[in-house]
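Have a look at the structure below before the remarks.
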Amino acid sequence: DIPTLEKSVAAFDAALTVFKADSDPVRWATTQSNRASAQLGLADAIYASTEDVQVRAVQSGATDVETLPEVIEARARAVEILTGSVAALEEALKVRPRADSPLDWAMIQHSRAAALSDRGKLTSSADDVKLAVDAFRDVMTAYDKDKMPVQWATSSSNLATTLRQYAGLIKDGAPLTEAAALLQESIVLIPRAQSPLDWAELETKLGNVWSDAVDYGAPMESTDKAVAAYRAAMEVQTPEQDLAGWERLQLYIVSALIKVATPAQDLPRLKDARATAADAARVLKAHGNPDAALFDQWLPTLDQFIDALGG
């Protein structure tokens, strides 16, 4: 929660009064990186604290929750925290250059990239996100893919996520091609048998990238690839093992199918969307989860489309 994260940041601030950049550069730079991680969590928690306000505003008929005073204040505070974090990490990179310790440098650069990405998300700044893309790309070069496959794949996954973010901001699908290639390579490096949850997360990210690609002119087959990736992840994130994760994947599948099938009047994909939504509603009801209603509400509309197409 916010108070706990604030105490964590304060503790790192206290440590920085002891560790000095000129006399103890290693511990000073490491502390700056750890402080930045806490600040990222704090900034995220501050902005997330407005979710209830935003939901109530939408329920009351608001159409632009981003202009609510509480949201503006929280976003400004979060951006201020992230800006300070970026500045401190850039100083840490000067004190702990790559030539001295490539892995320590990569850790600090990763923290900087994450802070830039988060700030770009809050401010819709393509410039910040492009800086994050470049920083994550630099981080990858610190890891030998053959000797450190997990670290390389993790960095690759972070880069792919940021490329997807960048594509959305510049309204161009080109970064998604690189993102998909990176994720496919990471899936090879972290096979399901080795780390099922990490593998499922990579498959989900790949599905998101392929689903987004349709918005920028990719053929509808890209949706089929997305659905296949989501369903692969569901083999790990089963209702018994992770009901919330399974539900999220079902939501991704239905949304991806409806997005392409409705305008194209594509009967097979509409039927798939309908069957997926019905199955999700059934399983969620069996678990006593009220989110079943979210899937139930799709069924009448999907039935109308299917009937109109002779299905």
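One-based numbering along the sequence shown.
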* To do: Report, as yes or no, whether the 6.0 Å neighbourhood of atom CD on Gln265 holds more than 12 heavy atoms from other residues, nucleotides or ligands.
  => no

query = Does the pair Arg231/Glu203 count as a salt bridge with the N-to-O cut at 4.0 Å?
reply = no

SB check Asp296 Lys285 (cutoff 4.0 Å)
yes

Do Ile258 and Phe305 sit in the same hydrophobic cluster, where Ile, Leu, Val, Met, Phe, Trp and Tyr count as joined when their side-chain heavy atoms come under 4.5 Å apart? yes

Going by atom types alone, do Ser157 and Ser186 pair a side-chain donor with an acceptor below 3.5 Å?
no

Taking every heavy atom of Ser156 against every heavy atom of Leu183, the minimum-distance pair comes out as OG-N, 4.5 Å

Contacts satisfying ring-ring contact (aromatic ring centres under 6.0 Å, His included) that involve residues 153-198 (not counting sequence neighbours) are none

- Please determine if Arg137 and Asp134 form a salt bridge, counting it only when a charged side-chain N lies under 4.0 Å from a carboxylate O. yes

Minimal heavy-atom distance between Arg164 and Leu176, with the atoms involved, is CA-CD2, 3.8 Å

Salt bridge between Arg98 and Asp138, side-chain N to carboxylate O under 4.0 Å?
no

Exercise. Do NZ/NE/NH1/NH2 and the carboxylate oxygens of Arg119 and Glu80 come within less than 4.0 Å?
Worked result: no

> So does Asp279 pair up with Arg282, basic N to acidic O under 4.0 Å?
Replying inline: yes

(message) Working note: Asp24 + Arg27, criterion salt bridge (charged side-chain N to carboxylate O under 4.0 Å, His left out); need CA distance, chi angles, decisive distance, verdict.
(response) CA-CA 6 Å; Asp24 197 346; Arg27 281 194 280 190; 2.8 Å; yes

Strictly below 4.0 Å, N to O, side chains only: are Glu201 and Arg192 in salt-bridge contact? no

task: Apply the test salt bridge (charged side-chain N to carboxylate O under 4.0 Å, His left out) to residues Glu91 and Arg35: give CA-CA distance (whole Å), side-chain angles for both, the deciding distance (0.1 Å), then the verdict.
output: CA-CA 13 Å; Glu91 288 301 310; Arg35 176 177 177 267; over 6 Å; no

Cluster membership besides Val26, Ile/Leu/Val/Met/Phe/Trp/Tyr side chains within less than 4.5 angstrom, sorted by chain and number, is none

message: Could you check whether Asn34 and Ser37, counting side-chain N and O atoms only, form a donor-acceptor pair closer than 3.5 Å?
response: no

